[in-house]
There are 2 protein chains.
Amino acid sequence: MSKDSPNADSRAKNVTTPALPNNARQRRSSDQVTLSQVAQAAGVSPITASRALNYPDKVSDSARRSVLQAVENLGYVPNLVAGSLASARSRLIAVIVPSLINSVFVEVIKGLQETLEAEGYQILLGNTDYDLDREYQLVRTFLGWSCSALVTAGLRHNSACHTLLANWDHPIMEVMELGQGMDLNVGLDHVAAGRCMATHLIDQGYRHIVYVGARLAQDYRASMRFDGHKAVLKEKGIDAPLLELDTLGSLQAGAEGLAQVLAQYPHTQAIHFANDDLAVGALLAAQRQGLNVPEDIAIAGFNGLPLGQHVTPQLTTILSPREEMGRLAAKELIRRLGGKNVYRRQHDVGFTLQIGGST
Amino acid sequence: MSKDSPNADSRAKNVTTPALPNNARQRRSSDQVTLSQVAQAAGVSPITASRALNYPDKVSDSARRSVLQAVENLGYVPNLVAGSLASARSRLIAVIVPSLINSVFVEVIKGLQETLEAEGYQILLGNTDYDLDREYQLVRTFLGWSCSALVTAGLRHNSACHTLLANWDHPIMEVMELGQGMDLNVGLDHVAAGRCMATHLIDQGYRHIVYVGARLAQDYRASMRFDGHKAVLKEKGIDAPLLELDTLGSLQAGAEGLAQVLAQYPHTQAIHFANDDLAVGALLAAQRQGLNVPEDIAIAGFNGLPLGQHVTPQLTTILSPREEMGRLAAKELIRRLGGKNVYRRQHDVGFTLQIGGST
DNA sequence: CGCTGTCATGATAGCGCTACCATTTGTTTT
DNA sequence: AAAACAAATGGTAGCGCTATCATGACAGCG
């Protein structure tokens, strides 16, 4: 709007040394209410106003009241960027996930978010699309925001990312899978989950079992489950064929997976899908084709999505506590950020075999 | 780690005036590589280093090369907080949604995210849990981060929030519903969507139609659809009963909704559900009870989730372009942030009636 | 009555970066 | 050849806040 007449100075005595500080530099105005203005209105110093807002019990009642009143009157909105720069703390938590399509990650985010937001932290969200180089870029950016902590899905990172994180002195939380991480870790044992389901299928009497996954190079946790699955079958002397789909996991992909399995392995008795989306897609497709589940073909999934519990027959699956994982990760981070000791760096959230009518 | 011997100064001549600037103030060290160090290593001034990174074509090739080399060698990570404070720009986009459980919002976020991240923007995510006061708090926080723009779901805000946003001079994007917003708006007409489905149901010959929604005071867009639905039925002289569930929309809630409708309105021929989760839950529950869909009871939903397209019979629903909505919103924001004119502030993404076998 | 300790407050000096202007150098114009 | 201009670079001064230290006021203590 109106920038107060800049001639006020130019009319002043001409100075020979141009470096003198009395030339009126134009600066972005930003006409925003600042803490100093609040302090002035409240009749205290800026630093007291700052304390009144950030450490309310470090100032007297009267000072606190008049500052809060001034904040109200002036409509002051704290500049968190300036505050973060000055204090080198930001109350931002970086959250990096490989996908937002897969509802699994969204549920983890949900758990994180509800717990962190209650403590006044904000989530800075990044999506790698299963690309570790992209992850590195995101980490770099997020470190630049001096995040208070970083949450990332998985234990695998590229070497640049690893170096960057190793030298970072804030909490790092790796979620989803269990293992030796960089710092904190909350997850479950995917190999064991694969073993668990394979064991169940064998117990049910199935011998011709195909594992179907989608993009296993990316979704390496699904391939860890396959490892567990394969190990069990091998112990029993059973062959463990793998069918890898090139599309991302979805109901549609599950239907295609079923078709391919039936074409390539006609004797198949059971299909162990890498996740529930695929499994339900296959189950519904099987029914559309007039196949009986589990008599003609048994189907198992992974995750325990609500969807699988509502189809008939109910889907046999492994329930992973996703929101719980997010909540626990958030709690551990908060504990750490509060300066508390961590008793355990690794937390196994476990999983539950949920036997439905589909196997 | 090692803070260079602080006695260097204390050994110096004792000064009588303690306010002299040569007393060695301890300051947080933060031992991080700064742009000045990069500049020094590259043999240029800090400001040139800054330009080399932010406006590469404003510096000479040689300067740019040596700066980039120094960045690489020193492992420099730009401090975005400092940069944002100095420039009053942040490349952060605040995104506020009412829920993360409802996959609809997640898909919008997905669309926003993929488009914004490609342009170098980061998403700051907030969840209101359908609470407008919470929305106000989040907006306040996000303004404090000097976000480049703000995206929020819906056109309704409390008055404090409205005031805050009205005085904010950055783009504001309201998504999901169409209407007179504060600034930019991308959405669809929910009343029209409700009309559309009601018309379809009547065309199919149904006369006893119940609308079932969950928490309509919160999910007011669902109640706008009911308004459209009711208007159509009223025009035909048909009664339009409403059943409101107290739980959030889910497959489980849909099953309960079906039970309640059958109990309260035994003559019901068709149920118009507020969303697909409810509708599919009801559809699957009906089948478990041996009811035929649509002969015994017709079922319709809203959203066009993949799920509804994979059940048998296929769910009649209204397809809303959710990711598309996010992408379009992001594109419009980017256009605006790039200083381009906006031709239209309102964008109708429309909807599609998808007729399945369930009606 | 001085000494020490706590409490509330303030003065000062940055946090690391970029906007603003000024300067230098090289290139074009008349 | 002087003037006019553009391109590249640098000096300075903040952005708005908070960490650090200093100070004054007042209580408790021997």
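Letters A, B, ... mirror the listed sequences (proteins, then strands); counts begin at 1. Nothing here was measured: the structure is a model prediction, and the numbers come from that model. Just so you know, these numbers use all the heavy atoms, side chains as well, and skip hydrogens, waters and symmetry mates.
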Nearest-neighbour nucleotide for the [X] side chain, [options] considered:
| X | options | value |
| --- | --- | --- |
| L35(B) | dT9(C), dT18(C), dT9(D) | dT18(C) |
| Y76(A) | dT9(C), dC15(D), dC17(D) | dC17(D) |
| I47(B) | dG16(C), dA19(D), dG10(D) | dG10(D) |

N or O in side chain of [X] less than 4.0 angstrom from [N] OP1/OP2:
| X | N | result |
| --- | --- | --- |
| Y55(A) | dC7(C) | no |
| N79(B) | dC15(C) | no |
| S45(A) | dG10(C) | yes |
| T48(A) | dG10(C) | yes |
| R89(A) | dA19(D) | yes |
| S60(A) | dA8(C) | no |
| S50(A) | dT18(D) | yes |
| S84(B) | dC15(D) | no |

For this session: With rounding to the nearest 0.5 Å, note down the distance linking OG1 in T152(B) to CG in L165(B).
Result: 8.0 Å
Problem set entry | Inter-residue atom distance Q137(B).CD - L132(B).CG, 0.5 Å rounding |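 CG of L132(B) is found 12.5 Å from CD of Q137(B).
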[X] [atom1] to [N] [atom2], straight-line distance once rounded to whole Å:
| X | N | atom1 | atom2 | result |
| --- | --- | --- | --- | --- |
| N54(B) | dC17(C) | CG | P | 10 Å |
| D61(A) | dT9(C) | CG | P | 10 Å |
| Q32(A) | dG16(D) | CD | P | 7 Å |
| L85(A) | dG14(D) | CG | C1' | 12 Å |
| L80(A) | dC15(C) | CG | P | 21 Å |
| Q40(B) | dG11(D) | CD | P | 12 Å |
| Q37(A) | dC15(D) | CD | C1' | 14 Å |
| L53(A) | dG16(D) | CG | P | 16 Å |

Exercise. With a non-hydrogen cut-off below 4.0 angstrom, is V44(B) in contact with a base, only sugar-phosphate, or nothing?
Worked result: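 Since only primed, P, OP1 and OP2 atoms lie under 4.0 Å of V44(B), the category is sugar-phosphate.
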Exercise. Base, sugar-phosphate, or nothing: which does R64(A) touch, judged by heavy atoms less than 4.0 Å apart?
Worked result: nothing
For this session: Dump the intermediate steps for side-chain contact (heavy atoms from CB on, under 4.5 Å) on R134(A) and E117(B), then the final yes or no.
Result: CA-CA 11 Å; R134(A) 181 86 194 103; E117(B) 219 167 279; 2.8 Å; yes
Problem set entry | salt_bridge(R336(A), D183(A)) N-O dist < 4.0 Å |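 A salt bridge links R336(A) with D183(A).
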Exercise. Hey, what's the ring geometry for W145(A) with W145(B), parallel, tilted or perpendicular (30° and 60° as the breaks)?
Worked result: perpendicular
Exercise. Is the H157(B) ring parallel, tilted or perpendicular to the H162(B) ring (thresholds 30°, 60°)?
Worked result: tilted
Problem set entry | Contact nearer the 5' end of DNA chain D, comparing A82(B) with S62(B) | S62(B)
